[in-house]
Each structure stands twice: as C-alpha cells, then as structure tokens.
Amino acid sequence: MTLHLTVPDTPTDQHRMAVLDPLRSYNIAKAGEPRSAPVAVLLTDEAGNHVGGLWGKCAYDWMFVEYLAVPEAHRGSDYGTALMQRAEAIAREHGCVGIWLDTFSFQARGFYEKLGFELFGTLDAFPPGHQRFFLQKRLR
C-alpha cells in the first residue's frame, strides 16, 4: 500500500483522531495504558460563578497543569498559591511523581519557581519577542 500526504483546508476532529489513534496504540504498546484523570480546581465567587482556577490532568504518574487563571482583581491574594497547593495534593493522592507545566515569559515563571518548580526547557521566540518556559516539580 502506498501512502500520500493530504493537507485538509479545515482540519476536523476526525483528522485529529486519524493521527491520535495510531499514536495512542503505539504508546500503549510501549508504556502501557495511562492512568489518566482530568483535574479541575475552581475559584468560585459568592454567587456560585466559576471565575478562574486550574485545569490539568494526571497521566503516566505525572500531573500536567494546562491552565491556571486568577482574575486580575484577585491577583496577589494567594489564590494562585492555593490552587497550586491543592493541585499538588491531588497529584500526591494520584501517586504522581511530579507536576509539569509551561508558562510564557510575560506570565508567571517566578511564581512557579517560588513554589519549587525548576526549569527544564525553553523555547525562544514563542510567541515572537518572548519565551515559553517548561517547568517541573518532583514530588518524590
């Protein structure tokens, strides 16, 4: 069978799955089925509205923090620290060996380093004029 390259004008979820399915199969064959669980720790106002928080997942014994958002009016009030501490507790409950995340140079690298995270990678000029930092914190 001969394969050829196709570039869809508007990629769809079906296209994504065409790439993801064989990748998942290969990864599972090599590393086993990941224990994967989504993680959400939300900031909720007095009216019950979710106004920010943390979103991530635990997989292959690591937690990945994908998003962390504290409304500007509440920054500097230790909500970010509280979110990260709760995420770390969840990671420990799941038996994770560490937490990893990424942040831009105009965001919160220093904040994460104060919480014990260490830099393990840098991507320059992403976005242009800035850097993207990859950080990790080992839990055991």
Side-chain angles (χ1 to χ4, degrees):
M1 174 189 341
T2 302
L3 302 177
H4 62 276
L5 303 180
T6 304
V7 180
D9 292 331
T10 307
T12 66
D13 282 339
Q14 183 180 5
H15 298 127
R16 179 178 179 269
M17 294 311 294
V19 176
L20 190 54
D21 285 344
L23 179 61
R24 278 186 181 153
S25 294
Y26 179 81
N27 290 350
I28 289 169
K30 296 296 180 182
E33 185 76 38
R35 291 182 358 252
S36 184
V39 174
V41 182
L42 303 174
L43 292 173
T44 307
D45 68 15
E46 292 176 359
N49 300 308
H50 304 305
V51 297
L54 178 145
W55 180 265
K57 70 177 180 179
C58 293
Y60 288 122
D61 295 335
W62 279 83
M63 176 183 282
F64 170 55
V65 174
E66 187 172 7
Y67 306 117
L68 176 73
V70 175
E72 275 195 64
H74 297 283
R75 292 184 187 156
S77 300
D78 292 327
Y79 289 111
T81 299
L83 289 165
M84 290 301 296
Q85 287 172 340
R86 185 63 184 109
E88 184 173 328
I90 292 168
R92 289 180 189 280
E93 290 167 13
H94 282 269
C96 292
V97 298
I99 303 172
W100 72 280
L101 53 85
D102 62 85
T103 189
F104 294 112
S105 55
F106 54 84
Q107 289 179 328
R109 176 182 172 182
F111 164 74
Y112 295 116
E113 289 175 331
K114 286 180 187 176
L115 296 175
F117 284 79
E118 298 176 346
L119 184 71
F120 72 87
T122 301
L123 185 58
D124 292 326
F126 186 79
H130 300 280
Q131 295 173 302
R132 189 170 188 173
F133 301 115
F134 297 84
L135 299 107
Q136 68 175 335
K137 180 177 182 179
R138 294 271 179 172
L139 301 179
R140 47 175 149 132

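Quick note: numbers below take in every heavy atom, side chains included, and nothing from hydrogens, waters or symmetry partners.
- Hydrophobic clustering (side-chain heavy atoms under 4.5 Å, transitive across Ile, Leu, Val, Met, Phe, Trp, Tyr) keeps Phe133 apart from Phe106.
- For the atom pair CG of Leu123 and CZ of Phe104, the computed distance is 9.0 Å after rounding to the nearest 0.5 Å.
- Closest approach of Tyr60 and Gly32 over heavy atoms only: OH-O, 3.0 Å.
- Screening Arg92, Arg35, Arg138 for a salt bridge (Lys or Arg N to Asp or Glu O under 4.0 Å) involving Asp61 leaves a single residue, Arg35.
- In this structure, Phe134 and Phe120 have tilted ring planes: the angle between them lies in the 30° to 60° band.
- In the hydrophobic cluster analysis, where Ile, Leu, Val, Met, Phe, Trp and Tyr join through side-chain heavy atoms closer than 4.5 angstrom, Leu54 is grouped apart from Trp100.
- Looking at every heavy atom in both residues, Met63 comes nearest to Cys96 through N-SG, 3.8 Å.
- Looking only at distances, no side-chain donor or acceptor of Arg109 sits under 3.5 Å from a matching main-chain atom of Thr103.
- Shown here is Glu93, whose CD atom has more than 12 heavy atoms of other residues, nucleotides or ligands within 6.0 Å.
- Judged by distance alone, the side chain of Tyr112 and the main-chain N or O of Asp102 form no donor-acceptor pair under 3.5 Å.
- A continuous path of Ile, Leu, Val, Met, Phe, Trp and Tyr side chains, each step under 4.5 Å between heavy atoms, connects Val51 with Leu83, placing both in one hydrophobic cluster.
- Residues Leu139 and Gly98 share a closest heavy-atom pair of CG-CA, 3.8 Å.
- In this structure, the side chain of Arg24 does not engage the main chain of Met17 through any donor-acceptor pair within 3.5 Å.
- Met84 CE to Lys114 NZ: the interatomic distance, rounded to the nearest 0.5 Å, is 14.0 Å.
- More than 12 heavy atoms of other residues, nucleotides or ligands lie within 6.0 Å of CG in Asp21, so this atom counts as buried by the packing criterion.
- Across Ala69 and Leu43, no two heavy atoms sit closer than the pair O-CD1, 3.9 Å.
- Closest of all the heavy-atom pairs between Trp62 and Lys137 is CZ3-O, 4.2 Å.
- The minimum heavy-atom distance between Phe117 and Ile99, with the atom names listed, is CE2-O, 3.6 Å.
- Under the 4.5 Å side-chain heavy-atom criterion for Ile, Leu, Val, Met, Phe, Trp and Tyr, Leu42 and Val39 are members of distinct hydrophobic clusters.
- A side-chain donor-acceptor contact under 3.5 Å links Asp45 to the backbone of Ala47.
- No side-chain donor-acceptor contact under 3.5 Å links Ser77 to the backbone of Tyr79.
- Hydrophobic clustering (ILVMFWY, side-chain heavy atoms < 4.5 Å, transitive): Val65 and Phe111 are in one cluster.
- Judged purely by atom type and a 3.5 angstrom limit, His15 uses its side chain to pair as donor or acceptor with the backbone of Thr12.
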